[in-house]
Protein chains: 2
Amino acid sequence: MKSKQTASRKRPSVAEALAQEIFSGEYQPGDFVPREIDLCERFALNRSAVRSDLRQLVDAGIIERISGHGSKVREYSEWNILDAQVTEWMTRYAAPNPGVQREILAFRLDVEPYVAMTAAKHATAHDLVAIEEAFNGMGSDLDDPDSHNSGRLHSDYDIAFHVAIFKATHNIVWSQLSHILRPSILLLIETSNVSADDPAESLERHRLLMESIRARRPRDAFRASQAVLAGTASALGLEIPDTPLGHSAELLSET
Amino acid sequence: MKSKQTASRKRPSVAEALAQEIFSGEYQPGDFVPREIDLCERFALNRSAVRSDLRQLVDAGIIERISGHGSKVREYSEWNILDAQVTEWMTRYAAPNPGVQREILAFRLDVEPYVAMTAAKHATAHDLVAIEEAFNGMGSDLDDPDSHNSGRLHSDYDIAFHVAIFKATHNIVWSQLSHILRPSILLLIETSNVSADDPAESLERHRLLMESIRARRPRDAFRASQAVLAGTASALGLEIPDTPLGHSAELLSET
DNA sequence: ACGCTGGCATATGTAGAACATTTCGACAAG
DNA sequence: CTTGTCGAAATGTTCTACATATGCCAGCGT
């Protein structure tokens with residue numbers, strides 16, 4: 001074998017470790033992370049590798065590098081939450097502060113019925129297959145709950161279901177925005193697991209949403225999506241009527 | 001003054017030059033850009049700098065690096081248009097293909113009335129000042145058209161006006177999404193300059209939108225925003241009723 | 001005593017060389 | 001025709017050396 005010790009895993013990944021420490025609150029906005037040389041020693045890496053990883057955090061807007069001084073953690077509001085890497089870290093480790101998490105969820109509640117509406121107009125057969133496969137995954141998970149960890153798999157299918165709807169809009173912006181769903185979906189699932197939400201009812205709401213899109217009925221899809229969100233969001237104490245959609249939804253239902 | 005020659009420009013910036021060539025269509029999806037060594041020679045830089053710049057393009061999703069082979073331009077749909085750097089390049093150089101540009105505009109037409117609606121609910125006095133300052137800039141530009149380039153300054157104020165509304169939602173996602181406004185606003189302005197759109201009428205529509213937000217009337221802000229978009233979007237041959245907002249707007253006006 | 005200035009220590013930024021790894025194609029053996 | 005091996009070419013990684021920016025503080029002058 002080669003003399004490298006990389007056999008275990010590719011790299012310790014400084015960015016990953018630092019991200020975990022920052023997300024867990026060990027380093028808070030305004031704090032300075034250890035300097036490059038210390039990170040080199042700690043992870044047994046050269047400076048180039050460390051700097052490369054630090055640049056990831058800079059691109060994510062998480063840290064700010066001050067020449068000749070150090071790397072400072074930036075305010076949460078300055079983090080680039082549209083970056084796919086950031087949302088991935090938010091799913092793996094919980095969001096650092098609940099405020100950001102709640103704002104993302106509020107955004108989702110605002111736009112997702114719209115997305116469902118647009119998907120009902122533009123979805124192709126291929127899109128419907130993707131949606132259905134994700135839905136079936138959610139269903140099989142309900143019927144046959146794995147002993148070790150049922151929620152883990154369920155969340156993957158849940159995410160895939162909603163992402164498929166975003167992609168069915170055939171709009172590049174909506175498609176790429178589907179990244180920010182992951183953290184809030186996981187948050188909803190964790191909370192709904194705590195609360196006494198019937199999984200069967202949730203699944204039925206998802207089914208209605210899927211059928212509305214398949215039948216090309218935008219308004220039904222709009223309302224069905226709202227129902228899906230309301231079912232789980234209520235467990236978080238969030239009030240749907242507070243969002244703009246609350247008003248337009250009522251109006252839509254009158255027609 | 002400092003001894004730096006930054007007055008002209010900091011660096012030749014390989015990323016900037018390559019981006020221009022890619023956006024102009026000189027390199028198209030599937031093509032391979034010159035290899036690192038050639039870029040080093042062409043820009044008189046070392047490999048570290050070239051690779052650093054190439055990584056920018058990778059993060060933007062514009063190119064894909066294949067180990068031992070080269071750097072390939074990716075499909076337009078894979079470009080990360082949520083990246084601020086990409087939208088900046090789209091404003092400086094035109095978007096490579098009109099399809100992406102149109103989809104971004106469609107997204108804007110979808111959500112911007114919503115954003116205005118939310119801004120009317122959550123805007124603070126500070127936000128209103130920012131909106132008003134941008135609006136005054138647009139107005140002064142109309143009264144006193146600079147001889148050298150009037151459209152250039154006007155677009156800056158126009159962008160600032162809409163960005164201020166996005167930030168007035170006090171939602172981190174909407175705020176950071178304001179990046180994607182820039183390309184489509186510039187597109188609209190260029191097109192409206194060609195068409196015979198009365199600047200005074202456009203300004204009046206913006207004023208109504210501002211007043212609606214100031215008066216905390218979400219529904220008026222919704223419709224005013226639609227009027228602003230419709231005024232310029234019609235010049236592009238885009239049909240507003242095709243968007244989901246078209247329906248809900250009609251419903252809103254009935255109340 | 002106060003304030004400015006210069007230099008030293010520290011930390012990040014940049015340049016360049018050397019070596020490792022991956023990919024593809026050529027070519028010969030089976 | 002298939003397959004194994006070698007080698008050229010390009011990207012990936014590591015390391016060293018030097019450049020630049022920042023903060024601190026002693027030293028000097030007013």
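Atom NZ in B:Lys72 sits about 13 Å away from atom P in C:dT23, given to the nearest Å. Between A:Glu36 atom CD and D:dT20 atom C1' the separation is 14 Å, expressed in whole Å. One interatomic measurement links the two molecules: CG of B:Asp53 to C1' of C:dT14, which rounds to 12 Å at whole-angstrom precision. Straight-line distance from the CZ atom of A:Arg35 to the C1' atom of C:dT10: 8 Å, rounded to whole Å. If you measure from atom CZ of B:Phe32 to atom P of C:dT23, you get 13 Å, rounded to the nearest angstrom. The nearest whole Å value for the distance from the CD atom in B:Glu64 to the P atom in D:dG12 is 11 Å. Between the CZ atom of B:Arg65 and the P atom of C:dT21 there is a distance of 18 Å, given to the nearest Å. Following rounding to the nearest Å, A:Arg47 (CZ) and D:dA19 (P) show an atom-to-atom distance of 15 Å.
Nearest to the side chain of A:His69, among D:dT14, D:dT11, D:dG23, sits D:dG23. Taking every side-chain heavy atom of B:Ser48 into account, C:dG16 is the closest of D:dT11, C:dG16, C:dG13. When distances are taken from the side chain of A:Asn46 to each of D:dC15, D:dT11, C:dG13, the shortest belongs to D:dC15. With C:dT12, C:dA15, D:dT13 as the choices, the nucleotide that has an atom nearest any side-chain atom of A:Ser67 turns out to be C:dT12.
Ring geometry for A:Tyr114 versus B:Tyr114: interplanar angle of 30 to 60°, hence tilted.
Checking B:His170 against B:Asp127 by side-chain atom types alone, a donor-acceptor pair falls below 3.5 Å. When only modelled atom types and interatomic distance are considered, A:Glu16 and A:Tyr93 share a side-chain donor-acceptor pair under 3.5 Å.
The residue B:Ile66 sits close only to the backbone: its heavy atoms come under 4.0 Å of sugar-phosphate atoms, none of a base.
Listed for the A:Glu36 side chain is no donor-acceptor partner under 3.5 Å among the backbone atoms of A:Arg51.
Two residues, B:Ala44 and B:Gly68, neighbour DNA chain C, and the one matched to the more 5' nucleotide by heavy-atom proximity is B:Ala44.
Once rounded to the nearest 0.5 Å, the distance linking OG of B:Ser175 with NZ of B:Lys167 reads 5.0 Å.
Taking side-chain N and O atoms only, B:Arg51 has a distance below 4.0 Å to OP1 or OP2 of D:dG12.
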